[in-house]
Amino acid sequence: MALELALIPAGTKLETNGEGEALNISASETRTFLCRLTITEQIEQESLDVSVWGSANGQDFGKRPLLKLPQQFYCGTTKMVLDISLRPEVTFLRAKWELNRWGRVSPAPMFVAELRLEEIPPMSRETATRRVVLAAQT
C-alpha cells in the first residue's frame with residue numbers, strides 16, 4: 001500500500017512562518033514521493049515559500065532542505081517529485097513555510113494551504129544514465 005502523508009494538513013491557515021510535524025517515513029518502500037502543494041485561499045501582495053526537510057532522528061533536520069517548491073503567490077496546485085532513495089538515513093520528513101507580504105496595506109499575510117505527499121514508483125536510474133551516455137556521444 002502506497003504511503004500518503006499530509007505535511008501540511010488540508011485547510012491549514014498559514015499566517016506566520018512555521019513548520020509542520022515530523023512524520024515517520026520508514027514504512028516507505030520506494031522513498032519517492034509526488035508532492036502536491038495546494039493553495040485554496042490567499043490575499044494579494046504576498047508570497048509563500050514551502051520546503052521539505054529530512055531527519056534521521058526526528059529532531060535534527062539540518063541546514064538545507066531536501067526539496068524547495070517554487071515560490072507561490074496565487075491559489076492553485078504545484079507538483080514536484082521528491083526522490084530520497086539515495087538518502088537511506090532520512091526517516092522523518094517535515095514541511096517548513098515562510099510568508100512574505102508587501103504593499104501599502106497592513107494585514108498580516110494569510111494562505112490556506114495543504115502539502116500532501118503520495119508515494120510513487122521509484123524513478124528509473126537507467127533512463128538518466130542512457131541520456132548522459134547519448135549526450136556524451138554527440
ask   = Do the side chains of Ile43 and Arg101 get nearer than 4.5 Å, heavy atoms only?
value = yes

Heavy atoms of other groups near Tyr74 OH, more than 12 under 6.0 Å: no

CG (Leu115) and CG (Leu69) are apart, to the nearest 0.5 Å, by 6.5 Å

For residues Leu99 and Leu14, determine if any side-chain heavy atom of one lies less than 4.5 Å from a side-chain heavy atom of the other. yes

Would you call Glu89 and Arg87 a salt bridge, using N to O less than 4.0 angstrom?
-> yes

query: Out of curiosity, does Trp97 fall in the hydrophobic cluster containing Met110 (side-chain heavy atoms, cut-off under 4.5 Å, transitive links)?
result: no

Next item on the list: Please report the C-alpha distance between Leu82 and Thr32 in whole Å, then the side-chain angles of each, then the deciding distance to 0.1 Å, and finally whether the side-chain contact (heavy atoms from CB on, under 4.5 Å) criterion is met.
Entry: CA-CA 6 Å; Leu82 171 63; Thr32 305; over 6 Å; no

Rounded to the nearest 0.5 Å, the CG atom of Leu117 sits from the CG atom of Leu37 at a distance of 10.5 Å

Note to self: I'd like to know if the side chain of Glu119 pairs up with that of Thr30 as donor and acceptor (distance under 3.5 Å, no hydrogens or angles considered).
What the structure shows: yes

**Request:** Report yes or no: do Gln72 and Ser47 form a side-chain donor-acceptor pair below 3.5 Å?
**Result:** no

Side-chain contact test, heavy atoms from C-beta onward, threshold under 4.5 Å: evaluate it for Asp49 versus Lys68 and give yes or no.
yes

> Side chains of Leu66 and Leu93: closer than 4.5 Å at any heavy-atom pair?
Replying inline: yes

Test item: Phe61 and Arg94 side chains (from C-beta on) under 4.5 Å apart, heavy atoms: yes

In short, salt bridge (Lys or Arg N to Asp or Glu O under 4.0 Å) pairs touching residues 23-37 with sequence neighbours left out are Arg36-Glu118

message = In this structure, would Val90 and Met80 fall into the same cluster of hydrophobic residues linked by side-chain contacts under 4.5 Å?
response = yes

Side chain to side chain donor-acceptor pair (under 3.5 Å) pairs touching residues 54-64, sequence neighbours excluded, are Ser55-Asn57

| query | When clusters are formed by joining ILVMFWY residues with side-chain heavy atoms under 4.5 Å apart, either directly or through shared neighbours, do Leu67 and Phe92 land in the same one? | reply | no

Between Phe33 and Ser28 the two heavy atoms that sit nearest each other are CZ-OG, 3.6 Å

Surrounding CD of Glu21 (heavy atoms of other residues, nucleotides or ligands, distance under 6.0 Å), is the total greater than 12?
no

So salt bridge (Lys or Arg N to Asp or Glu O under 4.0 Å) across residues 70-82, not counting sequence neighbours, yields none

